[in-house]
Amino acid sequence: MPEGHTLHRLARLHQKLFARRPVGVSSPQGRFAESAALLDGAVLTRAEAHGKHLFHRYGRDRVVHVHLGLYGTFVEHPLPAPEPVGQLRMRLVGETHYADLRGPTACELITPAEARALRARLGEDPLRPDAEPERVWERVSRSRSPLATLLMDQKVLAGVGNVYRAELLFRHGLDPQLPGRELDRATWDAMWADLVVLMRDGVRRNRIDTVAPEHDPRRRGQAARRDRHGGEVYVYRRAGLPCLVCGTGVRHREHAARNLFWCPACQPSRG
DNA sequence: ATTGTATGTCCAA
DNA sequence: TGGACCTACAATG
């Protein structure tokens with residue numbers, strides 16, 4: 001589901017299935033119809049992602065910007081494409097496959113300048129080779145905001161969502177409330193390196209897995225509990241269940257209108 | 001069949 | 001700060 005790894009996976013797939021060839025573009029639902037008509041039959045030059053944003057470039061002056069939001073979906077299948085059913089915002093039809101976009105927060109035709117401006121507002125994306133983690137450290141190490149806030153701030157880190165946030169804090173034994181300025185450099189470096197590995201793994205496997213083999217309940221004779229995100233996790237959505245490392249009950253609270261999960265024993269507060 | 005909930009973001013009040 | 005967005009899936013009956 002849509003954290004950064006999902007968008008990078010889609011970008012890679014769309015590049016492979018549609019790029020360098022003309023694509024049919026339509027909007028059966030109608031909300032993207034005017035733009036779709038302008039693009040229909042154009043060559044999709046390139047598909048790429050930055051954080052949770054997906055960009056389809058058509059030649060030199062047109063870009064389709066997609067943000068899935070909370071429940072947007074993109075599905076790709078071999079041709080032939082069936083008759084559209086329900087609210088289908090955008091359909092791409094290539095030479096071998098079609099792709100259907102439903103329920104996105106954003107699907108809009110913009111200029112390359114607008115795309116650049118949008119990306120300029122985004123933070124560093126652990127999945128992009130051009131990411132500059134030093135810029136993240138500059139922000140984090142000067143901030144009084146809690147790590148739980150900073151990790152989800154797309155102007156700081158692009159692509160990290162609620163699952164990666166909770167799991168990263170757990171894996172590094174960090175209290176979600178710890179102010180960024182109290183984080184030490186070595187821990188930050190380890191966190192960034194970990195994000196790169198975890199999120200690349202997420203792209204590859206199309207799910208978020210964060211549990212080390214030695215903590216995997218399936219290896220301990222316990223029932224595997226895959227959650228809706230599809231993978232194995234330490235704390236995300238495990239409120240009240242025993243911590244996979246120490247057995248303490250996993251805690252849950254609302255933090256800035258989002259669900260936050262942590263183990264109070266493995267992630268102790270300093271105060 | 002129906003209800004509840006979610007991995008995100010924006011905007012009006 | 002609460003609602004809108006309006007999909008997919010799990011849980012419930």
Side-chain angles (χ1 to χ4, degrees), chain A residues 1-11 27-32 49-55 65-77 82 84-91 99-108 110 114-115 117-123 125-127 148-171 176 195 198-211 223-241 250 252-262:
Chain A
M1 300 306 179
E3 296 198 18
H5 68 299
T6 301
L7 282 300
H8 279 267
R9 182 168 229 276
L10 289 173
S27 178
Q29 172 207 49
R31 283 183 59 182
F32 187 62
H50 186 153
K52 299 166 187 168
H53 300 256
L54 176 66
F55 300 94
H65 166 234
V66 173
H67 194 294
L68 295 178
L70 185 54
Y71 39 62
T73 59
F74 235 130
V75 295
E76 299 79 12
H77 296 292
V85 175
Q87 299 292 311
L88 180 50
R89 183 77 61 87
M90 178 171 73
R91 170 172 279 181
D100 282 353
L101 172 65
R102 295 175 188 275
T105 285
C107 174
E108 55 180 354
I110 62 177
E114 288 169 327
L118 197 160
R119 288 190 52 190
R121 283 181 245 122
L122 293 175
D125 180 347
L127 288 172
T149 300
L150 291 165
L151 291 179
M152 291 270 287
D153 185 343
Q154 301 299 301
K155 300 188 294 300
V156 177
L157 268 171
V160 174
N162 209 2
V163 183
Y164 281 121
R165 163 177 77 173
E167 296 301 301
L168 189 74
L169 289 169
F170 178 89
R171 285 167 62 91
L195 269 180
L198 287 175
M199 294 180 75
R200 279 184 186 164
D201 183 71
V203 175
R204 191 165 51 81
R205 307 179 66 158
N206 200 22
R207 54 185 250 187
I208 299 177
D209 279 296
T210 61
V211 177
R225 56 168 57 260
R226 281 196 188 181
D227 217 321
R228 267 183 250 183
H229 59 283
E232 290 293 340
V233 291
Y234 283 108
V235 291
Y236 177 71
R237 275 173 63 95
R238 295 194 67 243
L241 295 168
V250 171
H252 165 256
R253 65 173 284 204
E254 293 258 314
H255 177 94
R258 306 301 303 280
N259 294 313
L260 176 64
F261 303 87
W262 77 103

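Every heavy atom of this structure was used, including side-chain atoms; hydrogens, water molecules and symmetry mates were not. Chain identifiers are assigned alphabetically (A, B, ...) following the order of the sequence lines, protein sequences preceding nucleic acid strands; residue numbering begins at 1 within each chain.
The side chain of A/Met152 sits closest to B/dG8 out of B/dT9, B/dG8, B/dT5. Taking only side-chain atoms of A/Gln87, from C-beta outward, the nucleotide of C/dT7, B/dT9, B/dT7 with the closest atom is C/dT7. Distance from the side chain of A/Arg237 is smallest to B/dT5 among B/dT7, C/dT7, B/dT5. The listed nucleotides are C/dT7, B/dG8, B/dT7; the one nearest the side chain of A/Thr73 is C/dT7. Listed candidates were C/dT7, B/dT7, B/dG8. Nearest to the side chain of A/His67 is B/dG8. The side chain of A/Glu3 lies closest to B/dT7 when the candidates are C/dC5, B/dT7, B/dT9.
Straight-line distance from the NE2 atom of A/His65 to the C1' atom of B/dG8: 12 Å, rounded to whole Å. Here the P atom of nucleotide C/dT1 and the NE2 atom of A/His255 are 12 Å apart, to the nearest Å. Rounded to whole angstrom, the span from the CG atom of A/Asn259 across to the P atom of B/dG8 amounts to 10 Å. As rounded to whole Å, 20 Å separates atom C1' of B/dG8 from atom CZ of A/Arg102. Straight-line distance from the NE2 atom of A/His53 to the C1' atom of B/dC10: 12 Å, rounded to whole Å. Across the protein-nucleic acid pair, A/Leu68 atom CG and B/dA6 atom P stand 19 Å apart, rounded to whole Å. Whole-Å rounding puts the A/His252 NE2 to B/dT5 C1' distance at 12 Å. The nearest whole Å value for the distance from the NE2 atom in A/His50 to the C1' atom in B/dG8 is 16 Å.
Taking side-chain N and O atoms only, A/Asn162 has no distance below 4.0 Å to OP1 or OP2 of B/dA6. Taking 4.0 angstrom as the limit, A/Lys52 places a side-chain polar atom (N or O) nearer than this to OP1 or OP2 of B/dT9.
Within the 4.0 angstrom heavy-atom criterion, only backbone atoms of the sugar-phosphate kind lie near A/Arg89; the bases stay farther away.
Comparing A/Leu70 and A/Val75 against DNA chain C, the residue whose closest nucleotide sits nearer the 5' end is A/Leu70.
Using modelled atom types and a 3.5 Å distance limit, the side chains of A/Asp125 and A/His8 yield a donor-acceptor pair.
By the 30° and 60° cut-offs, the orientation of the rings of A/Tyr164 relative to A/His5 is perpendicular. Note on ring orientation: taking the six-membered ring where Trp is involved, the planes of A/His53 and A/His65 are parallel (angle under 30°, cut-offs 30° and 60°).
In terms of the ring pair (Phe, Tyr, Trp, His ring centres under 6.0 Å) criterion, residue partners of A/His252 (sequence neighbours excluded) are, by chain and number, A/Phe261.
Checking side-chain atoms of A/Glu167 against main-chain N and O of A/Val233 turns up no donor-acceptor pair under 3.5 Å.
Using P as the reference atom, B/dC10 and C/dA8 are 22 Å apart when rounded to the nearest Å.
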